[in-house]
Amino acid sequence: MEFRPSARSEQFRARVAAFVQEHVLPLEARLLREHDRAPHSADWRTWRVRPEVEALKEKARAEGLWNLFLHDEKLGAGLTTLEYAPVAEEMGKSLLAPEVFNCNAPDTGNMEVLWQHGTEEQKARWLAPLLEGRIRSGFCMTEPDVASSDATNVRASARIEGDEVVLNGTKWWTTGLGHPQCAFVIFMGLTDEAAPRHARHSMVLVPLDAKGVTIERMMPVFGEFDEPYGHGEVSFRDVRLPLSSLIGGPGMGFAIAQERLGPGRIHHCMRCIGGAERALQLMVERGLSREAFGKPLVNLGGNRERIADLRVAIDQARLLTLYAAWKLDEEGPLGAMQEVSAIKLVAPSVLQRAADAAIQMHGGVGLSHDVPLTAFYAYARVLRIADGPDEVHRGLIARLELAKYRRGGDA
Ligand SMILES: Cc1cc2nc3c(=O)[nH]c(=O)nc-3n(C[C@H](O)[C@H](O)[C@H](O)COP(=O)(O)OP(=O)(O)OC[C@H]3O[C@@H](n4cnc5c(N)ncnc54)[C@H](O)[C@@H]3O)c2cc1C
C-alpha cells in the first residue's frame, strides 16, 4: 500500500486540524465547564440543541468541511477511506468535533446505507436532510432480551402483511434517540424465520412519530447521558408502515448491516487514534509543567516508559488503521473483515490505555470535567462492547485465520 497521504487528504486534514484547534477545542472546554453547573436530567424531552454548536456546524459547512466521510464526489468530498483516515483522526481529538463536521455516528452509517441502498424517494425524504444536518437519526439493532453481539439473535419482528410491514419489539442503546432533531431510526427486524440465517432480517425506515413507537428511557454510560444525543430504549407496538419503508427489500437486513458496520467501525478507530494523541499530549504537557518531589512529574517513577509505550502503541494502531482503510477501499467490507476486526480490537484499547495514563498523570483533576479525559475513557470503554465486543472480533479474526489452513474453506 501507498503510505504517503494524497494531496487532497493532507489538505483536508490540515484544514480540519486548524478548525478543531481554533473553534472546537475552546467551545469544548466551555461546554465541559458548564456541564458541571447546568442541571442534568434523564428526561430527554428537556434536552436542547446548543446554538453555539449549530453555529459552528454552519461555519464548517460554509468552509466545505462537511460530510467528508462520504465517498460521493458531489455529496461529500470524494475521499477514499484511506484518504479520510487522517482527517477523521483530527476530528477524534475532540468528542464534539465529528458532529460539527456532520461526520458523527450513527448518522454517518445511516447516510451510507441510504446513499448505497435507498430508493430515490427514501433519499429525498431522509438522506437529503441528514446530509444538510437538519435532522438526526438512530440505528436500532440491539435488544434487551437477546445477546445482540450475535446479530442473528435479533428477534424484534418486521412482518410483511399485504402492502405493509408491521414492527413489534423493544430495542435499546439506540444512540441519538434523545436528540431533539432525531426524526427517524433504521430498525432491524426478523421477517422470515424459515429463511437461511443471514436472510431472515430486514431493515426498515421508521419515522420517530409513527404510531406505536414509544421512547421508554435514556440509558446512562458511567452516569452520563451524552445529551443531546443519548442512548435510548424504544418500543415498537404494531407499527404499520408502507412496504416502501424497507431498505433494499425483505431479508436484506444482514447483508446491509455487514456493509454498514465495516466503514462505521473503522471511522470509530480513526477517531480513537486522534483521541489517544490528544490524551498523550495532555499527559505530557501536564507532566512537564508540574513538579513533585523536586522533579517534573514526567521524570518520576515509570512515567517516561509509559509515555514511550503509548507513543509506540498509537503509531502501531495508526498503521493498522491505515492498512484496514486501504483494504476496505481495495476489497470492500467483506474483503477487509479481518483487518477491520483487528483494528476494532486494537484502537479502542489504545485509547483506553492513553486516557487512563493521562488521568493518572493529572491526579485528581484528571477525573473532573476540567479536562476531557473521562469522556475519552468512556468512549473507548463503550467501543470495546459496541459494534461488536472485543471477543467477537477476536473470534472472527481467528476463524478467518484458521480457514486459511483448512482445506475446503471456512473453519
Ligand atoms: C453507549 C452505547 C451505544 C450503543 N449504540 C448502539 C446503537 O446506536 N445501536 C445499536 O443497535 N446498538 C448500540 N449499542 C449496543 C451494542 O452494540 C451492544 O451492546 C453490543 O453489540 C453487545 O450486545 P449485548 O449488549 O447484547 O451484549 P451480549 O451479546 O449479551 O454480550 C455480553 C458479553 O458476552 C461476551 N461475548 C459475546 N460474544 C462472545 C464471543 N463470541 N466470545 C466470547 N465472549 C463473548 C462479551 O464479553 C460481551 O461483552 C450501544 C452500546 C453502548 C454501550
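If you read the sequence from its start, that first residue is 1, and numbering goes on from there. Both counts, for ligands and for their atoms, begin at 1 and track the order of listing.
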Starting at NE2 of His40, measure out to CD of Glu224 and round the result to the nearest 0.5 Å. 7.0 Å

With a 4.0 Å cut-off on heavy atoms, is Val146 in contact with ligand 1? yes

Would you say atom 33 (C) of ligand 1 makes contact with the protein, given that contact here means a non-hydrogen protein atom less than 4.0 Å away? no

With under 30° as parallel and over 60° as perpendicular, where do the rings of Phe184 and Trp126 fit, or are they tilted in between? tilted

Strictly by modelled atom types, are Glu277 and Gln281 linked by a side-chain donor-acceptor pair under 3.5 Å? no

Arg290 atom CZ, over 12 foreign heavy atoms within 6.0 Å: no

When you look for heavy atoms under 4.0 Å from ligand 1, do you find them on the side chain of Thr175, its backbone, both, or neither? both

Give yes or no for whether the N/O distance cutoff of 3.5 Å, strictly under, is met between Glu143 and ligand 1. no

For ligand 1, indicate whether the residue Pro106 contacts it via side chain, backbone, both or neither (heavy-atom separation under 4.0 Å). neither

Take the angle between the ring planes of Trp115 and His71 and call it parallel below 30°, perpendicular above 60°, tilted in between. perpendicular

Under 4.0 Å from atom 11 (O) of ligand 1, do we find at least one protein heavy atom? yes

To which protein heavy atom is atom 46 (C) of ligand 1 closest, and what is the distance rounded to 0.1 Å? Glu391 OE1, 3.4 Å

Under 4.0 Å between heavy atoms, the region of Met141 that gets near ligand 1 turns out to be both

Can you tell which of Ser149, Gly388, Ala151 gets a heavy atom nearest to atom 31 (O) of ligand 1? Ser149

Ring geometry between His35 and His369 (parallel below 30°, tilted from 30 to 60°, perpendicular above 60°): perpendicular

Using only atom types and a distance under 3.5 Å, with no angle test, would you say the side chain of His201 pairs donor to acceptor with the backbone of Val154? yes

Please list the nearest protein heavy atom to atom 19 (O) of ligand 1 with its residue and the distance rounded to 0.1 Å. Ile385 CG2, 3.8 Å

If we only count N/O pairs under 3.5 Å, is Phe139 in contact with ligand 1? yes

Among all the protein's non-hydrogen atoms, which is closest to atom 41 (N) of ligand 1, and how far away is it? Val392 CG2, 4.0 Å

Sequence neighbours left out, what pairs pass salt bridge (charged side-chain N to carboxylate O under 4.0 Å, His left out) with at least one residue falling in residues 205-221? Arg217-Glu233

How far is atom 25 (O) of ligand 1 from its nearest protein heavy atom, and which residue and atom name does that atom have? Thr142 CG2, 4.5 Å

Using a plain distance cutoff, I'd like to know if Ser148 has any nitrogen or oxygen under 3.5 Å from a nitrogen or oxygen of ligand 1. yes

Does the protein place a non-hydrogen atom closer than 4.0 angstrom to atom 36 (N) of ligand 1? no

Which of the numbered atoms in ligand 1 are below 4.0 angstrom from a heavy atom of Val221? 1 (C)

Which protein heavy atom lies closest to atom 1 (C) of ligand 1, and at what distance to 0.1 Å? Val382 CG1, 3.4 Å

Considering Trp173, Trp172, Phe187, Phe222, which one's heavy-atom position lies nearest to atom 6 (C) of ligand 1? Trp173

Regarding Glu89 and Arg13, does a basic nitrogen lie under 4.0 Å from an acidic carboxylate oxygen? no

Numbered atoms of ligand 1 (with element) below 4.0 Å of Asp387, judged on heavy atoms: 17 (O)

For atom CD of Gln360, decide whether the heavy atoms of other residues, nucleotides or ligands shown that lie under 6.0 angstrom number more than 12. no

Looking only at the aromatic ring of each residue, does the gap between the centers of His267 and Tyr84 stay below 6.0 angstrom? yes

How would you list, by chain and number, every residue that makes a salt bridge (Lys or Arg N to Asp or Glu O under 4.0 Å) with Arg50, sequence neighbours excluded? Glu34, Glu52

